[in-house]
S.K.: 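Take a look at this one; I'll ask things after.
When a ligand or atom number is given, it counts from 1 through the structure's own listing order.
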Amino acid sequence: MTRDPVCGMSVDETETDYHTTYSGEKYSFCTNRCKQSFEHDPERYLAHIKAEGSDLRKVVVIGAGQVGSTYAFTLMNSGIVNHIVLVDTNRNLAEGNVMDLRHSLPFVSPVQIDVGSYEDCRDADLVVVTAGVSQKPGETRLDLVKKNAAIFGDIIPKIAAENPRIILIVTNPVDILTCVALKLSGYPMNRVFGTGTVLDTARFRSLLAKQCEVDSHNVHGFIIGEHGDSEVPVWSRLTVGGVSFDNYCSFCGLACGSNDRDELFGKVKNAAYEIIEKKGYTSYAISHALVRITGAILRDEHSILTVSSLLDGQYGVKDVCLSVPTIISKTGIIRILDLQLNESEERMFHESAKTLSGILRELDIQ
Ligand code: NAD
């Protein structure tokens with residue numbers, strides 16, 4: 001077995017038909033598309049392979065605003081990287097944040113923190129995109145789409161030209177912009193994905209844990225679909241300490257009814273609106289969600305997280321980026337899991353996909 005230098009997936013050189021020779025070395029590919037990309041610009045992919053041989057763990061953050069800077073701070077505290085680079089059109093903001101972060105260095109594990117440019121993406125393990133216009137009070141995420149798609153038209157080709165291993169999208173509307181980034185980068189789908197409903201799932205688990213009076217680590221459940229108004233709570237697969245939620249409710253004694261479920265899900269779905277109304281932005285939980293995803297990638301964890309990625313027929317949905325439980329490792333997306341949904345969850349999921357498909361068609365992305 002060897003690794004396809006373009007998409008990073010394992011490939012059996014005796015099984016595949018796609019090979020090429022460059023500078024006396026033979027390379028094998030899983031698809032003809034990967035082979036053609038390599039032949040078009042071999043040095044771009046080889047630079048990346050050389051960087052992988054080192055133990056450098058480098059993350060570039062595009063957009064040093066509330067989310068980008070709080071993520072950098074949380075990442076620095078986590079000790080899982082040794083180089084963080086902040087890039088922003090507002091250079092003063094990036095410089096101010098880098099100075100402030102660097103002054104914490106005597107208190108944390110060693111890490112290099114710099115202001116940078118797109119060239120810093122060349123040997124990065126991960127580029128996290130938070131750049132864009134943020135959601136204003138009363139504005140839906142989908143209202144933002146045209147403004148942020150235009151910003152992506154500028155930044156994604158510059159990132160992709162440097163061939164970082166993985167591009168992670170945070171900017172909203174995250175599902176649409178993940179599709180936009182995939183198209184603009186020309187990357188295979190395993191290397192571009194969005195934070196999706198990782199944050200919503202954390203909100204769901206933490207609110208349920210409070211209601212059930214248990215530790216949130218013992219609540220296992222998912223929010224799937226759009227990161228936004230049409231997201232779907234998967235009540236039918238929710239467990240508390242391994243017990244199905246329906247069974248758990250029947251003996252826990254707190255006597256919550258189905259209205260409580262609706263109310264709780266309402267709080268999950270509207271959390272961002274409420275927080276933005278009160279403090280102007282959200283930053284802490286999304287930063288922890290980002291560090292969780294970063295760890296899954298850099299430590300090759302094979303963690304199951306509800307990131308947003310391009311579906312290709314799973315759940316009966318095609319050509320739309322949506323969140324479902326997905327295995328994440330150092331090569332990005334390994335596999336999308338097939339979660340069994342009940343009838344109403346499936347209907348809601350398809351509605352979510354339909355809403356996003358309509359927007360992608362308007363943007364001429366599909
Ligand atoms: P912010 O306004 O504080 O920061 C955005 C930064 O992007 C600004 O510093 C701006 O100068 C920079 N920027 C704009 N255009 C740029 C470009 N072309 N190149 C480089 N930098 C550029 O906003 P924020 O609160 O940090 O939110 C950032 C994004 O993250 C928003 O779209 C927000 O909706 C989204 N968000 C997503 C989630 C999620 O779960 N996916 C959660 C929270 C926020």
S.K.: List ligand 1 atoms under 4.0 Å from Val67, heavy atoms only on the residue side.
M.R.: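 In order of number, 24 (P), 25 (O), 26 (O), 27 (O), 43 (C), 44 (C).
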
S.K.: May I ask you to decide if Gln66's main-chain N or O and Ser283's side chain share a donor-acceptor pair within less than 3.5 Å?
M.R.: no

S.K.: Could you tell me whether Leu199 and ligand 1 have an N or O pair separated by under 3.5 Å?
M.R.: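 No, Leu199 has no N/O under 3.5 Å of an N/O on ligand 1.
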
S.K.: Does any N or O in the side chain of Thr130 come within less than 3.5 Å of the main-chain N or O of Gly63, such that one atom is a donor and the other an acceptor?
M.R.: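 Yes, Thr130 side chain to Gly63 backbone: donor-acceptor pair under 3.5 Å.
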
S.K.: Ignoring angles and geometry beyond distance, decide whether Val170 reaches within less than 3.5 Å of ligand 1 through its nitrogen or oxygen atoms.
M.R.: yes

S.K.: With a 4.0 Å heavy-atom cut-off (strictly under), which part of Thr195 contacts ligand 1: side chain, backbone, both or neither?
M.R.: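 Looking at Thr195 and ligand 1, just side chain atoms fall under 4.0 Å.
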
S.K.: Quick test of your reading of the model: are Arg165 and Asp125 salt-bridged, counting only N-O distances below 4.0 Å?
M.R.: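 Salt bridge: yes.
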
S.K.: Any salt bridge linking Arg347 with Glu351? Criterion: basic side-chain nitrogen under 4.0 Å from a carboxylate oxygen.
M.R.: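 A salt bridge is absent here (no side-chain N lies under 4.0 Å from a carboxylate O).
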
S.K.: Where's the contact between Tyr118 and ligand 1, heavy-atom distance under 4.0 Å: side chain, backbone, both or neither?
M.R.: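 For Tyr118, the contact with ligand 1 is made by the side chain alone.
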
S.K.: Go through ligand 1 atom by atom and flag the ones less than 4.0 Å from a non-hydrogen atom of Thr130.
M.R.: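 Under 4.0 Å from Thr130, ligand 1 has these atoms: 5 (C), 28 (C), 29 (C).
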
S.K.: Between Ser352 and Ser230, does a side-chain hydrogen bond (donor to acceptor under 3.5 Å, both in side chains) hold up when you go through it step by step?
M.R.: CA-CA 5 Å; Ser352 199; Ser230 67; 2.7 Å; yes

S.K.: Could you tell me whether Asp88 approaches ligand 1 through its side chain, its backbone, both or neither, with non-hydrogen atoms closer than 4.0 Å?
M.R.: both

S.K.: Hey, is ligand 1 close enough to His227 that some N/O pair sits below 3.5 Å?
M.R.: yes

S.K.: Would you find a donor on one side and an acceptor on the other, under 3.5 Å apart, between the side chain of Thr16 and the backbone of Asp12?
M.R.: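 Between the backbone of Asp12 and the side chain of Thr16 there is no qualifying donor-acceptor contact (under 3.5 Å).
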
S.K.: Could you check whether Glu226 pairs with Lys269 (Lys NZ or Arg NE/NH1/NH2 to Asp/Glu carboxylate O, under 4.0 Å)?
M.R.: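 No.
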
S.K.: Taking it one step at a time, do Thr197 and His227 satisfy side-chain hydrogen bond (donor to acceptor under 3.5 Å, both in side chains)?
M.R.: CA-CA 5 Å; Thr197 56; His227 168 60; over 6 Å; no

S.K.: Any atoms of ligand 1 less than 4.0 Å from a non-hydrogen atom of Val133? List them with their elements.
M.R.: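 Near Val133, the atoms of ligand 1 are 31 (C), 32 (O).
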
S.K.: Could you tell me whether Lys267 and Asp262 make a salt bridge, using a distance below 4.0 angstrom between a side-chain N and a carboxylate O?
M.R.: no

S.K.: Can you find a non-hydrogen atom of Ile169 under 4.0 Å from ligand 1?
M.R.: no

S.K.: Look at atom 30 (O) of ligand 1 and find which of Thr171, Asp200, Val198 reaches it with the closest heavy atom.
M.R.: Thr171

S.K.: What I want to find out is whether Asp338 reaches Arg237 closely enough, with some N-O distance under 4.0 Å, to be called a salt bridge.
M.R.: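 Answer for the salt bridge query: no.
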
S.K.: Just go through Ala285, Gly132, Ala131, Gly196 and tell me whose heavy atom is the nearest to atom 5 (C) of ligand 1.
M.R.: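 It is Gly132 that holds the nearest heavy atom.
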
S.K.: Near Leu93, which atoms of ligand 1 are under 4.0 Å from a heavy atom of that residue?
M.R.: 9 (O)

S.K.: Any N or O on Asn172 sitting closer than 3.5 Å to an N or O of ligand 1?
M.R.: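 Indeed, backbone or side chain, Asn172 has an N or O that close.
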
S.K.: If I apply the N/O under 3.5 Å rule, does Gln66 come out as touching ligand 1?
M.R.: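 It does: an N or O of Gln66 is found under 3.5 Å from an N or O of ligand 1.
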
S.K.: Pick one of side chain, backbone, both or neither for how Ile286 approaches ligand 1, counting any non-hydrogen atom pair under 4.0 Å.
M.R.: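 It is the side chain that gets close, since no backbone atom is under 4.0 Å.
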
